[in-house]
J.: 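Would you mind keeping the following structure in view while I ask a few things?
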Amino acid sequence: MICLGIESTAHTFGIGIVNDKCEILANVKDMYQPKKGGIHPREAADHHSILSGKVLRETLEKSGVELRDIDLISFSQGPGLPQCLKIGAVVGRSLSLKLNKPLVGVNHCIAHIEIGKKKTNASDPVTLYVSGGNTQVLAFVEGRYRCFGETLDIAIGNCLDQFARSQGLKHPGGPKIEKLAKNGKWIGLPYVVKGMDLSFSGILTEAIKKAKTNKLEDVCFSLQETCYSMLTEVVERAVAHTDKEEVLLTGGVAASERLREMLSIMCKERGAKLYSVPKEYSGDNGSMIAWAGILAHNSGSLENDTKIRQKWRTDDVVVGWI
Ligand code: ATP
Ligand code: FE2
């Protein structure tokens, strides 16, 4: 079985071709970069529709697979920006009709977890999914991926990017903040964990305020220490509550060395194992959608439904493949 998966939830338009052993035959993506400010949904959608043909051709060339060899098409059905999701759905539907092959919509967050598990050999982890648009602590319990904790406002990556932008640093902000933080010291910032949920918008406002009268290095250091400690606290409680022995770190912010360090200390203390998804598969990409498509198809998920689901929650998905 060979599946072609399409990712288009936000910045990235990506296509991956994957077989049923999760061998990645090709994984091509192109990222929309706003000229200034944050993501503009219509511009991102235009980017996706303009680039879709080129990305498809490149993916096919790299994979060595002919269109007629493809058995299944999958696409990111949600959650995400509706304008962007629609492009993926239309490309998916067109291919499915042309090739007369089934089409399956997959949940973007679950795709991150499943490719992460496969590429790290984690079997049943508590997952921390941290990116520009998402901050969630997820674990499989009683047939579904349950959300144990999440942000109440903006995502951690968005908090880092907005802070960086306010200081005139270019997108993406995470790596720049990480570099500056290496020479910073602690100056204190509010710490906001509410039960199992997190909030970053107040911290962002305070960090911008503090940057007016403090060294930028010190604010970057304090911002990282605060936000990553909050994430580590929530993941630790989820591990304790679920009694799981693995933690899987994924999403763009998984590239942060400091976040990995904090999580690895916590895991060591609890006798748990930390897995970090390789960079190629931790950001948004089409191959994770293709792999999740194979899992969903093999477990008899609903097919040929192209209605996008902007706010699709992970725990709404009945996971038939575990
Ligand atoms: P999603 O649609 O899943 O929310 P995304 O469009 O935000 O994903 P990703 O590539 O998953 O894209 O994540 C990008 C985020 O990762 C940005 O916010 C960026 O600042 C952050 N990031 C990248 N490298 C680092 C780093 N070294 N430290 C901290 N954050 C990082
Ligand atoms: Fe993502």
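Just so you know, ligand 1 is whichever comes first in the structure, and atom 1 is the first atom listed for that ligand.
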J.: As a quick check of understanding, evaluate salt bridge (Lys or Arg N to Asp or Glu O under 4.0 Å) for Glu58 and Lys54, giving each step before the final call.
T.: CA-CA 6 Å; Glu58 265 181 55; Lys54 178 169 170 271; 3.5 Å; yes

J.: What's the verdict on side chain to side chain contact (heavy atoms under 4.5 Å, CB included) for Trp321 and Ile294, showing C-alpha distance, side-chain angles and the deciding distance?
T.: CA-CA 10 Å; Trp321 56 89; Ile294 290 179; over 6 Å; no

J.: Rounded to the nearest 10 degrees, what's the angle OH of Tyr129 makes with NE2 of His108 at the Fe ion (ligand 2)? Could you check?
T.: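 Between OH of Tyr129 and NE2 of His108, the angle at the Fe ion (ligand 2) is about 90°.
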
J.: By number and element, which atoms of ligand 1 are closer than 4.0 Å to a non-hydrogen atom of His112?
T.: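 Within the 4.0 Å cut-off of His112, ligand 1 contributes 3 (O).
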
J.: For ligand 1, which atoms sit closer than 4.0 Å to a heavy atom of Gly157?
T.: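 Close to Gly157: 18 (O).
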
J.: Report the member of Asn134, Thr9, Ile39, Asp161 with the shortest heavy-atom distance to atom 20 (O) of ligand 1.
T.: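 Result: the heavy atom closest to atom 20 (O) of ligand 1 is in Asp161.
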
J.: Considering only heavy atoms of Gly173, which atoms of ligand 1 have at least one such atom less than 4.0 Å away?
T.: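 Checking each atom against Gly173, I get 20 (O).
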
J.: Got a sec: is His112 within less than 2.8 Å of the Fe ion (ligand 2) via an N/O/S atom?
T.: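 Yes, within the cut-off.
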
J.: Starting from the C-alpha separation in whole Å, work towards a yes-or-no answer on salt bridge (Lys or Arg N to Asp or Glu O under 4.0 Å) for Lys117 and Glu114.
T.: CA-CA 5 Å; Lys117 279 164 62 183; Glu114 291 298 348; 3.4 Å; yes

J.: For Phe13 and His48, take the angle between the two ring planes, folded into 0 to 90°, and tell me which bin it lands in: parallel under 30, tilted 30 to 60, perpendicular over 60.
T.: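 Answer is tilted, since the angle falls between 30° and 60°.
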
J.: Do Gly283 and ligand 1 have an N or O pair less than 3.5 Å apart?
T.: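 Min N/O separation from ligand 1 is not below 3.5 Å for Gly283.
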
J.: Taking only heavy atoms of Leu160 into account, list the atoms of ligand 1 that are under 4.0 Å away from them.
T.: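 The atoms of ligand 1 under 4.0 Å from a heavy atom of Leu160 are 29 (C), 30 (N).
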
J.: Taking the inter-plane angle between the rings of His47 and Tyr32 on a 0 to 90° scale, is it parallel (under 30°), tilted (30 to 60°) or perpendicular (over 60°)?
T.: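 Ring orientation, 0 to 90° scale: tilted.
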
J.: To which protein heavy atom is atom 3 (O) of ligand 1 closest, and what is the distance rounded to 0.1 Å?
T.: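 Checking every protein heavy atom, the shortest distance to atom 3 (O) of ligand 1 gives Tyr129 OH, 2.5 Å.
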
J.: Do any N/O atoms on Ser131 end up under 3.5 angstrom from N/O atoms on ligand 1?
T.: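 Among all N and O atoms of Ser131, at least one is under 3.5 Å from an N or O of ligand 1.
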
J.: Can you name the one residue among Thr135, Thr314, Asn134 that meets side-chain hydrogen bond (donor to acceptor under 3.5 Å, both in side chains) with Tyr129?
T.: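 Per the side-chain hydrogen bond (donor to acceptor under 3.5 Å, both in side chains) rule, the option paired with Tyr129 is Asn134, out of Thr135, Thr314, Asn134.
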
J.: So which heavy atom in the protein is nearest atom 27 (N) of ligand 1, and how far is it from that ligand atom?
T.: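 Answer for atom 27 (N) of ligand 1: Glu178 OE1, 2.9 Å.
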
J.: Is Lys86 atom NZ crowded by more than 12 heavy atoms from other residues, nucleotides or ligands, each under 6.0 Å away?
T.: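 No.
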
J.: What part of His108, side chain from CB on, backbone N/CA/C/O, both or neither, has a heavy atom under 4.0 Å from ligand 1?
T.: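 Side chain only.
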
J.: Is there at least one pair of N or O atoms, one from Pro172 and one from ligand 1, spaced under 3.5 Å apart?
T.: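 Looking only at distances, the answer is no, because the N/O contact criterion of under 3.5 Å is not met.
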
J.: Tell me the closest heavy-atom pair linking Lys307 and Gln77, and the distance in Å.
T.: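 For Lys307 versus Gln77, the nearest heavy atoms are O-NE2, 2.8 Å.
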
J.: Counting only heavy atoms closer than 4.0 Å, does ligand 1 sit against the backbone of Tyr228, its side chain, both, or neither?
T.: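 Near ligand 1, Tyr228 shows its side chain, while the N, CA, C and O stay back.
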
J.: For atom 13 (O) of ligand 1, grab the closest protein heavy atom and report residue, atom and distance to one decimal in Å.
T.: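 Looking only at protein heavy atoms, the one closest to atom 13 (O) of ligand 1 is Gly252 CA, 3.2 Å.
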
J.: His11 heavy atoms, cut-off 4.0 Å: which ligand 1 atoms fall inside?
T.: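 So the atoms of ligand 1 that pass are 6 (O).
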
J.: Looking at Lys185 and Asp218, is any side-chain nitrogen of the basic one under 4.0 Å from a carboxylate oxygen of the acidic one?
T.: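 The answer is yes: the pair qualifies as a salt bridge.
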
J.: Backbone or side chain, does any N or O of Ala10 fall under 3.5 Å from an N or O of ligand 1?
T.: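 The answer is no, given that Ala10 and ligand 1 share no N or O pair closer than 3.5 Å.
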
J.: Step by step, would you call Gln167 with Leu180 a side chain to side chain contact (heavy atoms under 4.5 Å, CB included)?
T.: CA-CA 12 Å; Gln167 304 305 308; Leu180 287 163; over 6 Å; no

J.: Taking heavy atoms and a distance under 4.0 Å, where does Glu257 meet ligand 1: side chain, backbone, both or neither?
T.: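 Within the 4.0 Å criterion, Glu257 makes no contact with ligand 1.
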
J.: What protein heavy atom sits nearest atom 28 (N) of ligand 1, and how far away is it?
T.: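 Here the closest protein heavy atom is Ser256 CB, 3.4 Å.
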
J.: Verify the distance test for Thr9 against the Fe ion (ligand 2): any N/O/S atom under 2.8 Å, yes or no.
T.: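 Given the 2.8 Å cut-off, Thr9 does not count as a ligand of the Fe ion (ligand 2).
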
J.: Taking 4.0 Å as the limit for heavy-atom contacts, which would you say applies to Val253 with ligand 1: side chain only, backbone only, both, or neither?
T.: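 Val253 to ligand 1: contacts from backbone and side chain alike.
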
J.: Do Gly133 and ligand 1 have an N or O pair less than 3.5 Å apart?
T.: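 Yes - when backbone and side-chain N and O of Gly133 are compared with those of ligand 1, one distance drops under 3.5 Å.
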
J.: What protein heavy atom lies closest to atom 7 (O) of ligand 1? Include the residue and the distance to one decimal.
T.: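 Residue, atom and distance for the closest contact: Gly132 N, 2.6 Å.
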
J.: Check the pair Ser299, Val319 against side chain to side chain contact (heavy atoms under 4.5 Å, CB included), reporting the backbone distance first and the verdict last.
T.: CA-CA 8 Å; Ser299 68; Val319 176; over 6 Å; no

J.: Identify, for atom 31 (C) of ligand 1, the protein heavy atom at the shortest distance, and state residue, atom and that distance.
T.: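 Going by distance alone, atom 31 (C) of ligand 1 is nearest to Gly174 CA, 3.6 Å.
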
J.: Run the side chain to side chain contact (heavy atoms under 4.5 Å, CB included) check on Ile203 and Met230 step by step: do they pass?
T.: CA-CA 11 Å; Ile203 301 175; Met230 288 161 49; 3.5 Å; yes

J.: So does Glu236 pair up with Arg270, basic N to acidic O under 4.0 Å?
T.: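 Between Arg270 and Glu236 there is a salt bridge, with a charged N closer than 4.0 Å to a carboxylate O.
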
J.: Please say yes or no: joined through hydrophobic side-chain contacts below 4.5 Å, possibly via intermediate residues, are Ile289 and Leu248 part of one cluster?
T.: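 In one cluster: yes.
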
J.: Examine Gly251 against ligand 1 and note whether any of their N/O atoms are separated by less than 3.5 Å.
T.: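 No, there is no polar N/O contact under 3.5 Å.
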
J.: Looking at side-chain heavy atoms only, is the closest gap between His112 and Asp284 below 4.5 Å?
T.: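 Yes, their side chains come closer than 4.5 Å.
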
J.: For ligand 1, which atoms, with element, lie under 4.0 Å from some heavy atom of Asp284?
T.: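 Taking each heavy atom of Asp284 in turn, ligand 1 has 1 (P), 2 (O), 3 (O), 6 (O), 8 (O) under 4.0 Å.
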
J.: Got a sec: does the CD of Glu245 have more than 12 other heavy atoms crowding it under 6.0 Å?
T.: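 Incorrect, the count does not exceed 12.
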
J.: Do you know which N/O/S atom name in Asp284 is closest to the Fe ion (ligand 2)?
T.: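 Answer by atom name: OD1.
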
J.: Got the closest protein heavy atom to atom 25 (C) of ligand 1, with its distance?
T.: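 In this structure, atom 25 (C) of ligand 1 has Pro175 CD, 3.6 Å as its nearest protein heavy atom.
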
